[in-house]
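All remarks here apply to the structure that follows.
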Amino acid sequence: MPSTLRPPRLRWPAALAACLLATAAQAGEIRVEVRADDGEPLADAVIVAVPEQGGAAAGARRDRAVMDQEDKEFVPYVLPITVGTQVDFPNHDSIRHHVYSFSPAKRFELPLYIGQPAAPVRFDTPGVVVLGCNIHDWMIAYVYVADSPFFTRSGEDGMATLGPLPAGRYQVRVWHPRLDGAEADTARALDVPATGALSARWQLGLKPDFRIPRAPIPGGSGY
Amino acid sequence: MTRAARYLLLLAGLHAASAPAALLDQAGLELRLDDNLARAELERDITGDVALAASAVGSAGYQLGDSDRLKLSVDLSATAYRRYVGLDMASLRLTASHRHKFGLGAYAPALSLSASVARQEFRDSARTGWHYELDAALSRRISPRLELQLGYGFQMRRADDEDPRVVPFIAANVFDTSSRHLRIRANALITPRYLVSAGYAIHKGDIISTTLRNLPIFLASDAIAADPTFGPERFAYTLTAMTHDVQLSISRLIDDTASMSLGYQFIDSRAEGGIRYRANLVRASYLRQF
């Protein structure tokens, strides 16, 4: 099976909006393969397509998405959304979490809670929002706020399908938490056909995956 | 309000802030090589051994507020020596620790205060007794790769029994000791899976050195008792010393729950009267969080 069309936790998949936009025209899709520089499939890459002719304004809808907390980890690791999306942060652990972000695209804080917070968090500015938990320092996740309704995320096999997309020319770019370099440098122009699929492949240079360790280490004693 | 009512109120408050207690929170195995187990100065007295230690920790955490966390833990451990079996030991330690974070986020500095009491049962009962520790540690993460710690600790041991006096007018409670220390430590990821820890501590207080009869040590000692754990005609001396303690280890982070480590520790103790001992310890350990 190829990749998922959209991250599974999106309640209002952007694809629905894309379908609505495409009702008056035929639609194609882009089948994307993302690999690391060593050739291995790369999961959690966000692929965004921006129509060169405009007409697909992001933020016009009221999408909802979910960033869960399970076993003291955020799930998913990368959540792509479009501008204007409201994200719920349910805590399914039996302990409290304290979610925060210092990212310029969205600074917010959900002080200690368990279960469902009172209100979702709305993301109004495009960019990458890094999430943390003030109680469990190793917890980290990313909300990618796209400036287009056309986006997807690669699966474990590095594959993703972007579409259906109205026919036309798009600027397509790829982002990953470990991307070594600027996201803009990954952009390329692709012509989406009226029907059928277009294949595209990215091979990304990656930075090492340094994360705050969760595993216990010895403290040392013996004096 | 009665004392019982206040206690119930405290319990109710803690329960409201509690995480469920984990019967088994962490378990570990350690193989330890110590080349100067007796902490002796002279070649004739220096003797090493290998020990295997196993530990299991259960804990309950209480998030008291956005910045404060209380953790209560029970640590059950056992150590077995290959040669000096009199040092085989079982320990049950109760620890209460409080952590306060000065700000929001993973890079905010944190202060941890802890107090613990342990019951230590040795095969040779002369060492059996209670061990108390108080500790304060300030930690600050600089980046995902680097964390720095500064700590100060006090520890005290009290043996159940005092051995018969070897020398009149000189105490025989050699296993009643206390000391304090100041330490620094850095943990650094050198790759996403390998973490190097380097630490230095300076201890001031009592040390126990076991030797054959030794006049300089005798003159410098605060207490003396026979120590058959290391053989006949061996005596344990309590000395006041300054100890430099250097540690270096590398850990392989197997996954998010477990690590394997190889560590080296160098101990250099200088006691009153010009007495000095050195020891080298090598540890191989496995730790798993549940």
Side-chain angles (χ1 to χ4, degrees), chain A residues 36 38 40 69-75 77 91-103 106-115 117 129-142 177-178 180 206-223, chain B residues 17-20 26 28 30 32 34 57 61 63 65-67 69 101 103-108 110 141 143-145 147 155 179 181 183 185 187 189 191-193 195 197 199 201 203 207 243 245 247 249 251-259 261 263 265 267 269 279 281 283 285 287-289:
Chain A
D38 62 0
E40 290 296 307
Q69 293 149 83
E70 297 172 5
D71 190 24
K72 300 175 192 168
E73 298 288 355
F74 288 111
V75 180
Y77 179 51
N91 172 9
H92 285 103
D93 282 329
S94 54
I95 54 173
R96 295 189 288 177
H97 290 303
H98 182 161
V99 180
Y100 68 88
S101 170
F102 296 133
S103 299
K106 185 68 183 181
R107 293 177 186 272
F108 72 99
E109 190 180 341
L110 299 173
L112 285 176
Y113 71 98
I114 197 165
V129 179
V130 185
L131 305 176
C133 171
N134 194 42
I135 311 304
H136 309 98
D137 287 341
W138 66 82
M139 286 177 66
I140 188 170
Y142 299 85
R178 293 167 53 202
D180 190 11
L206 299 177
K207 293 181 283 193
D209 190 14
F210 285 109
R211 300 193 205 181
I212 295 175
R214 180 177 179 178
I217 57 168
S221 61
Y223 158 69
Chain B
S18 74
Q26 185 175 299
E30 179 183 274
R32 184 167 62 228
D34 187 333
V57 181
Q63 196 66 40
D66 290 338
S67 303
R69 181 171 176 78
K101 227 173 171 182
L104 181 66
Y107 304 110
R141 178 165 289 285
S143 73
R145 300 180 63 173
E147 181 188 30
Q155 65 94 28
S179 67
H181 76 265
R183 68 181 185 278
R185 178 178 160 114
N187 299 320
L189 284 168
T191 76
R193 283 287 167 206
L195 184 143
S197 295
H203 304 255
I207 60 168
T243 301
D245 177 348
Q247 298 188 35
S249 67
S251 299
R252 157 84 176 155
L253 308 176
I254 299 167
D255 55 26
D256 283 343
T257 63
S259 70
S261 303
Q265 181 178 12
I267 296 171
S269 250
L281 287 84
R283 293 183 168 86
S285 59
L287 271 180
R288 182 175 171 81
Q289 190 95 35

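Quick note on labels: first sequence line is chain A, next is B, and so on, each numbered from 1.
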Give the minimum heavy-atom separation between [X] and [Y], together with the two atoms involved.
X        : Y        : value
B/Ser259 : A/Ile217 : OG-CA, 4.0 Å
B/Gly105 : A/Phe102 : CA-CE1, 4.2 Å
B/Thr191 : A/Phe210 : C-CE2, 3.2 Å
B/Thr257 : A/Pro216 : O-CD, 3.5 Å
B/Gln63  : A/Arg96  : O-NH2, 2.5 Å
B/Pro192 : A/Asp209 : CB-O, 3.3 Å

### Message
If I take atom CZ from residue B/Arg193 and atom CZ from residue A/Arg211, how far apart are they, to the nearest 0.5 angstrom?
### Response
8.5 Å

### Task
Measure the CZ-CD1 distance between B/Arg69 and A/Ile135 for me, rounded to the nearest 0.5 Å.
7.5 Å

Portion of [X] that has a non-hydrogen atom of chain A nearer than 4.5 angstrom:
X        : answer
B/Ser261 : side chain
B/Gln26  : side chain
B/Arg141 : side chain
B/Ile254 : neither
B/Asn187 : side chain

### Summary
Given B/Ser143, B/Gly65, B/Ser197, B/Ala108, the one with more heavy-atom pairs under 4.5 angstrom with chain A than any other is B/Gly65

### Query
Got a salt bridge between A/Asp137 and B/Lys101, using NZ or NE/NH1/NH2 to carboxylate O under 4.0 Å?
yes

### Within-4.5 Å side-chain heavy-atom neighbours: A/His98 and B/Leu104
yes

### Message
For the backbone of B/Asp66 and the side chain of A/Asn134, can you confirm whether one donor and one acceptor N or O come within less than 3.5 Å of each other?
### Response
yes

### Task
Counting only heavy atoms closer than 4.5 Å, note whether A/Tyr100 contacts chain B via side chain, backbone, both or neither.
side chain

